[in-house]
Trainee: 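Right, I'll just put the structure down here and ask away after.
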Number of protein chains: 2
Amino acid sequence: MTTPAYQQIKDYVLAEIHAGNWREGDLVPSEHELVRRFGVARMTVNRAIRELAAEGVLTRSQGAGTYVAATKYHGTLVEIKSIADEIRSRGHRHTARVLKLTTVRADGALASEIGVNENDKLFHSVILHLENEQPIQLEERWVNPALAPDYLAQDFTRVTPNEYLTRSAPLSRVEYRIEARRPDRSTKAKLEMDKDEPCLVLHRRTYSNGVVASVANLFHPAGRYQFSGYF
Amino acid sequence: MTTPAYQQIKDYVLAEIHAGNWREGDLVPSEHELVRRFGVARMTVNRAIRELAAEGVLTRSQGAGTYVAATKYHGTLVEIKSIADEIRSRGHRHTARVLKLTTVRADGALASEIGVNENDKLFHSVILHLENEQPIQLEERWVNPALAPDYLAQDFTRVTPNEYLTRSAPLSRVEYRIEARRPDRSTKAKLEMDKDEPCLVLHRRTYSNGVVASVANLFHPAGRYQFSGYF
DNA sequence: GAGTGGTCTAGACCACAAT
DNA sequence: TTGTGGTCTAGACCACTCC
């Protein structure tokens with residue numbers, strides 16, 4: 001019931017990356033080098049590294065070497081890329097307004113969704129994201145303080161909560177729900193929405209090491225935003 | 001510039017499955033048997049089959065054998081499972097009403113979206129799906145006749161277009177777009193929607209072997225439907 | 001016990017990149 | 001030319017399932 005050698009090598013590489021010892025773009029030890037370190041056959045190292053490459057953790061190029069891949073969480077659908085990157089990739093200007101950033105007490109529904117006790121402290125933020133000065137996303141978020149103790153000290157006009165959280169607590173699982181909804185009056189005003197314009201809402205719950213790190217509701221004006229992708 | 005042996009074996013297995021010679025749940029030849037047929041080392045066969053298992057095409061169990069997996073397209077998000085299966089998995093009753101099923105001529109926009117010439121023939125269907133007699137999805141679809149010549153002869157109250165198409169033309173690529181929208185009067189009436197209730201719309205374009213097989217617009221009442229998933 | 005997959009070895013030859 | 005990854009071989013031992 002011992003862990004297979006190739007899996008131990010995979011775990012080793014992942015641990016080095018998560019610990020920050022090997023960063024994006026860094027050169028990973030060669031197969032030959034890992035063969036020496038682990039005292040196994042090259043085929044065994046090859047399997048470990050090849051699988052990590054297939055999983056998108058590493059990139060390889062023949063003759064050159066193996067590198068730590070850029071972290072893309074997770075590609076397939078409703079990507080966990082930050083709204084800021086998305087706006088910038090369209091060649092537009094992203095700005096953010098922090099409307100709220102405080103500590104709150106968890107009420108019953110929130111406590112059970114995040115998996116803490118009622119009345120436990122949670123961090124709460126409300127941020128409005130603008131694309132070329134026009135509101136595009138209202139981000140309402142509750143954060144588990146255990147996983148991001150410095151949350152309240154961040155400048156979220158420069159780094160989005162999403163970016164900060166994925167850096168401070170590597171995410172292991174994401175649950176989402178997408179719905180259409182009529183906005184309440186306050187949401188409608190903040191997003192400067194037209195009369196009768198519906199809202200496209202993404203609810204997202206992210207986990208880090210099996211613990212809920214954060215719960216977010218992302219509201220978008222239907223006329224200015226949609227999700228898309230392929231696979 | 002020859003294809004690697006492991007890739008040839010993967011291609012062979014995929015071809016047998018797509019051709020229908022090997023069906024869901026069928027036992028796949030053992031590694032030993034494939035070693036004999038292809039005249040390669042077992043490690044080479046092992047890599048081919050292991051990768052197909054990792055991709056979800058096959059399932060393996062030690063001691064028992066390797067089987068063709070149930071076709072789940074594609075798992076991660078906005079799964080391509082049929083609305084009928086989804087409703088049944090909730091323990092509810094699915095029924096469908098075929099509102100339209102004809103041949104149409106492609107206008108400019110449709111022709112370019114599907115990649116045919118203007119005025120080429122397309123199959124067009126409009127189907128209303130009900131969950132326990134309550135409308136849940138209005139499916140508006142255009143189909144490339146080249147890939148599904150018998151489309152008009154199907155009984156879509158028994159098999160959904162989606163199920164029929166994935167069987168007759170294995171899909172290789174899916175593009176989607178999700179948006180919130182106010183329904184037009186006719187859509188609203190068909191889906192028996194409340195006053196001011198928004199619509200959750202999924203646009204989907206599916207490819208088979210690099211050719212557009214079908215374009216669909218799926219309309220859902222916001223109050224009765226949402227997309228969800230995890231990864 | 002016979003057959004299956006799961007893993008591993010100790011070599012090998014090749015294509016490609018950097019120098 | 002040296003070092004890298006890409007692929008492959010011909011064995012081996014083991015754990016598991018099925019009969």
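By convention in this document, chain letters (A, B, ...) are assigned in the order of the sequence lines, proteins followed by strands, and residues within each chain are numbered from 1.
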Trainee: What's the closest nucleotide to the E31(B) side chain, out of dT7(C), dT4(D), dG5(C)?
Mentor: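 Selected nucleotide: dG5(C).
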
Trainee: Please give, in whole Å, the distance from dG3(C) P to R60(B) CZ?
Mentor: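 From R60(B) CZ to dG3(C) P: 18 Å.
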
Trainee: Considering all heavy atoms of both residues, which atom of Y164(B) and which atom of V159(B) are nearest to each other, and what is their separation?
Mentor: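 That would be N-CG1, 3.8 Å.
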
Trainee: Could you check, using the six-membered ring where one of them is a Trp, whether Y225(B) and F219(B) have ring centers closer than 6.0 angstrom?
Mentor: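 No.
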
Trainee: Any chance the rings of F156(A) and Y151(A) have centres within less than 6.0 Å?
Mentor: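 Yes: the rings meet the under 6.0 Å criterion.
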
Trainee: Over how many whole Å does the gap from Q8(B) atom CD to dT7(D) atom P extend?
Mentor: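 These atoms are roughly 12 Å apart.
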
Trainee: Of the nucleotides dT4(D), dC8(C), dG5(C), which one has an atom closest to the side chain of H32(A)?
Mentor: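 Nearest to the side chain of H32(A) among the choices is dT4(D).
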
Trainee: List the atom of A69(A), the atom of T59(A), and the distance in Å for their closest heavy-atom pair.
Mentor: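 Taking A69(A) first and T59(A) second, the nearest heavy atoms are CB-CG2, 3.8 Å.
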
Trainee: Sort me out a list of protein N/O and nucleotides 15-19 of chain C N/O pairs below 3.5 Å, or just none if empty.
Mentor:
from	atom 1	to	atom 2	distance (Å)
dA15(C)	N3	Q62(A)	OE1	2.8
dC16(C)	O4'	Q62(A)	OE1	3.2

Trainee: Could you state the CG-P distance from L27(A) to dT4(D), rounded to the nearest angstrom?
Mentor: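 Whole-Å distance recorded here is 9 Å.
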
Trainee: Do you know the tightest heavy-atom contact between Y67(B) and G25(B)?
Mentor: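 Taking Y67(B) first and G25(B) second, the nearest heavy atoms are CD2-O, 3.3 Å.
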
Trainee: Can you tell me how far CG of L218(B) sits from CD1 of I136(B), rounded to the nearest 0.5 angstrom?
Mentor: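 It is 12.0 Å, given to the nearest 0.5 Å.
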
Trainee: Give the rounded distance in Å between these two atoms: CD of E33(A) and P of dG3(D).
Mentor: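 After rounding, the reported distance stands at 13 Å.
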
Trainee: Could you give the CG-to-P distance, from L34(A) to dT4(D), as a whole number of Å?
Mentor: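 Interatomic distance, CG of L34(A) to P of dT4(D): 10 Å.
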
Trainee: Between Y6(A) and dT7(C), is there a side-chain N or O to OP1/OP2 distance below 4.0 Å?
Mentor: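 Affirmative; the distance criterion is met.
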
Trainee: Do any of residues 41-54 of chain A sit with a heavy atom less than 4.0 Å from DNA chain D, and if so which?
Mentor: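 Within this stretch, R42(A), M43(A), N46(A) sit under 4.0 Å of the strand.
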
